[in-house]
Amino acid sequence: MKNNNSTNKNSVIDVMITAIALFGGYITNTLYIFFRFIGLTIALAAKAFWEATGKVRKKVGRKLEKAFIFLFRPFYNTAKYMYIAVKKAKKDNGGKLGFKSGFALAGNVLFGKNGIAVLLVSFAIPVISVFFLFSIIAYASSINYAVKLSVNGNFLGYIENEQVFLDAKEVLNERISYFDNSIEIPAEPSYSVEQVGNIDTLTKYQIADLILGKSGVNLDYGYGFFINNRFYGALMDFTNVKDTLDGLLSQYKTNNESEIIDFEDNIRYDEAGLYLADSFIDEDWLIDLLTGTSKQSSYYTVEDEDEDAEGIAEKLNIDIEVLENLNPGFSDMEFEEGDKIKVSEEIPFLSISITRTEVYNKEDIPFDTETYDDYDIYEGQSRIVQDGEFGVNEITANVTYVNGVETARNILKVVNLKQPVTEIIALGSKQTPAGTIKDIPSAYEMLEWPLNYGVGEISQWTYWEGGYDGHTGIDIATSYGNPVFACADGIVTKVEYSNYGLGYHIFIYHEELGITSVYGHNSAILVHEGQRVSKDEHIANVGSTGKSTGPHVHLGVIIDGVYVNPHAYLNIPDGVRINLV
């Protein structure tokens, strides 16, 4: 039994060895076929390339052969000549070379027709010619021409051209302008063009220093301070002035990495050179000048006859928006005699410009308005079906400020955050019933809004405009207790209370208009029958008495004892919301 197990084990191992051997053979044959294919492909490609370039190779070979012969023919001829000369000399002397024949042979080898000397000369001449050519080019390139400058008969040096002297004269004039041209330094130039070597030419500043140095006036070395090319004076050291200027700029710096801050004026303070001794200025005086103002703020003193912001703006001939920027809250101020109103800002001696990239939202993108005919509303009337809403854009812009006041705005990118919502208005197309309206065109829009301007919203139209059946007035919803005002001058003809109708209500007859206005649902009555009232006089308080579902003013209009649609007679303020219930 044991022997059988051993035999089976050996059989399994033999099978595994055989399988591995077969697999190895398969891999080897595969690699052989693969590399044989690659090798044949490369060989065929090389053969095709060799055949295709046969003509080219022959031409290149002939060219190389000619070049080789051209280069080495002199050596070949010389060697051949030496061999023939030696052979001939031996033959002439019986196969031996004596002193005399050897000397003649040497001379012939060195200086013969194809001797060594000829070989050397044939190579030396081209080399010497090339060297000579390069020497000529180098010499020609080293030749420079410059303008020789003399001023007042004194040689100063060389300049590139005459413009350099003209620029130097401007520098000179800037340095002596401190004296308001009271000192004149003559500078009469003379020019000549000369050939020079590699020399340094003078700059305009060096020329100015040389002219000043030869002028005979008292000079000192320092730094000129200029604003917009105007010379303010010279300094021994500009360090403190530089720190002051840097400080003026730094006070406007924010965390906005895009900002560019600089002076509006062109300022130079590091131009070193010779300056008139009397032009040197006190450093503290200059710093006080630079940090001061060129114009103080100005104010207007309110007078007794000044009533409101618009009147003051008109009197001063200044836009009210400008005064609002200078005096926040100006439009809503209550003025008293002696009050001070700023009319202009102070202007610093040095104006500073800041340009930075800003991102902000613009929330008043206009909306469109659409209308359609509504046959449930009587002709001449309308109602808002959908309120329009402004859109919102995100704006990226480069904004420039000078002394903190915006002077330019360059929009770089606009991203829409919210699309505008179109306003939809229904236009009445229903024919008005005959005999329901008595028309007085002269009274159109002559009734003022019965509440404070812009307060309240229209919550219900008359039945002529789609309101509920029998509703003869316009309902204006507002807060309980708000004041109710007379819509026009007139006389109170009725003050009553109706538990099932208008509650506490008032009738006012307007003689000049020929109509009667009605104010219903009040919480308190402040007038009595027979009392004459003026337009905008406080006559009642808003309430919800009578048949009412909330605080509001019921405003009606009567002509010849007949209720009519008050819409045409009421001056409805812009922006009053319509929110029908």
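Other residues, nucleotides and ligands contribute over 12 non-hydrogen atoms within 6.0 Å of the CZ atom of F155. Within a 6.0 Å sphere centred on CD of E257, other residues, nucleotides and ligands contribute 12 heavy atoms or fewer. The neighbour count for E336 CD, taken as heavy atoms of other residues, nucleotides or ligands under 6.0 Å away, does not exceed 12. Heavy atoms of other residues, nucleotides or ligands lying less than 6.0 angstrom from CD of Q251 number more than 12. When the shell of 6.0 Å around CD of E160 is examined, it contains 12 or fewer heavy atoms from other residues, nucleotides or ligands. Atom CD of E188 sits in a sparse spot, with 12 or fewer heavy atoms from other residues, nucleotides or ligands closer than 6.0 Å. Heavy-atom contacts from other residues, nucleotides or ligands closer than 6.0 Å to CG of D200 number 12 or fewer. Within a 6.0 Å sphere centred on CD of E314, heavy atoms belonging to other residues, nucleotides or ligands number 12 at most.
Each of T244, D246, T239 was scored for a side chain to side chain donor-acceptor pair (under 3.5 Å) with K242, with one residue passing: D246. Shown are F280, Y232, F238; of these, the ring-ring contact (aromatic ring centres under 6.0 Å, His included) with Y223 is made only by F238.
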Take I211 and L156 through the test side chain to side chain contact (heavy atoms under 4.5 Å, CB included) and record every step on the way to the result. CA-CA 8 Å; I211 294 174; L156 295 187; 4.0 Å; yes
Given side chain to side chain contact (heavy atoms under 4.5 Å, CB included), test I474 with W461 step by step and report yes or no. CA-CA 5 Å; I474 294 175; W461 293 113; 3.9 Å; yes
When you look at L350 and L248, which way does the side chain to side chain contact (heavy atoms under 4.5 Å, CB included) test go after all the steps? CA-CA 9 Å; L350 293 177; L248 289 175; 4.1 Å; yes
Quick one, E394 with Y360, criterion side-chain hydrogen bond (donor to acceptor under 3.5 Å, both in side chains). Give me CA distance, side-chain angles, the key distance, then yes/no. CA-CA 6 Å; E394 181 185 77; Y360 56 93; over 6 Å; no
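Between E389 and K418 there is a salt bridge, since at least one side-chain N of the basic residue sits less than 4.0 Å from a carboxylate O of the acidic one. Checked for salt-bridge contact, E303 and K315 meet the test: a charged N lies under 4.0 Å from a carboxylate O. Contact check on K169 versus D167 returns no salt bridge, with no Lys/Arg side-chain nitrogen under 4.0 Å from an Asp/Glu carboxylate oxygen.
To the nearest 0.5 Å, the span separating CD on E310 from CD1 on I320 amounts to 5.5 Å. R356 CZ to N256 CG: the interatomic distance, rounded to the nearest 0.5 Å, is 6.0 Å.
There is a side-chain donor-acceptor pair under 3.5 Å between N403 and S351. Side chains of D306 and Y300: a donor on one and an acceptor on the other come within 3.5 Å. Side-chain polar atoms of E259 and T254 form a donor-acceptor pair below 3.5 angstrom. A side-chain N or O of T400 and one of T355 form a donor-acceptor pair less than 3.5 Å apart. Side-chain contact of N579 with E457: a donor-acceptor pair under 3.5 Å is present, judged by distance alone. Using a 3.5 Å distance cut-off with no hydrogens or angles, the side chains of E324 and N327 do not pair a donor with an acceptor. A donor-acceptor contact closer than 3.5 angstrom is absent between the side chains of N228 and N266. At a cut-off of 3.5 Å, with distance as the only test, a side-chain donor of E194 or Y158 sits close to an acceptor on the other residue. The closest side-chain donor-acceptor pair between R409 and N398, if any, does not fall under 3.5 angstrom.
Remark: K148 fails to qualify as a cation-pi partner of Y191 under the 6.0 Å distance and 45° angle criteria applied to the six-membered ring.
For the pair T369/T422, no side-chain contact is recorded, criterion being any heavy-atom separation below 4.5 Å from C-beta on.
Using the six-membered ring where Trp is involved, Y569 and Y444 have ring planes that are perpendicular, over 60° apart on the 30 and 60° scheme.
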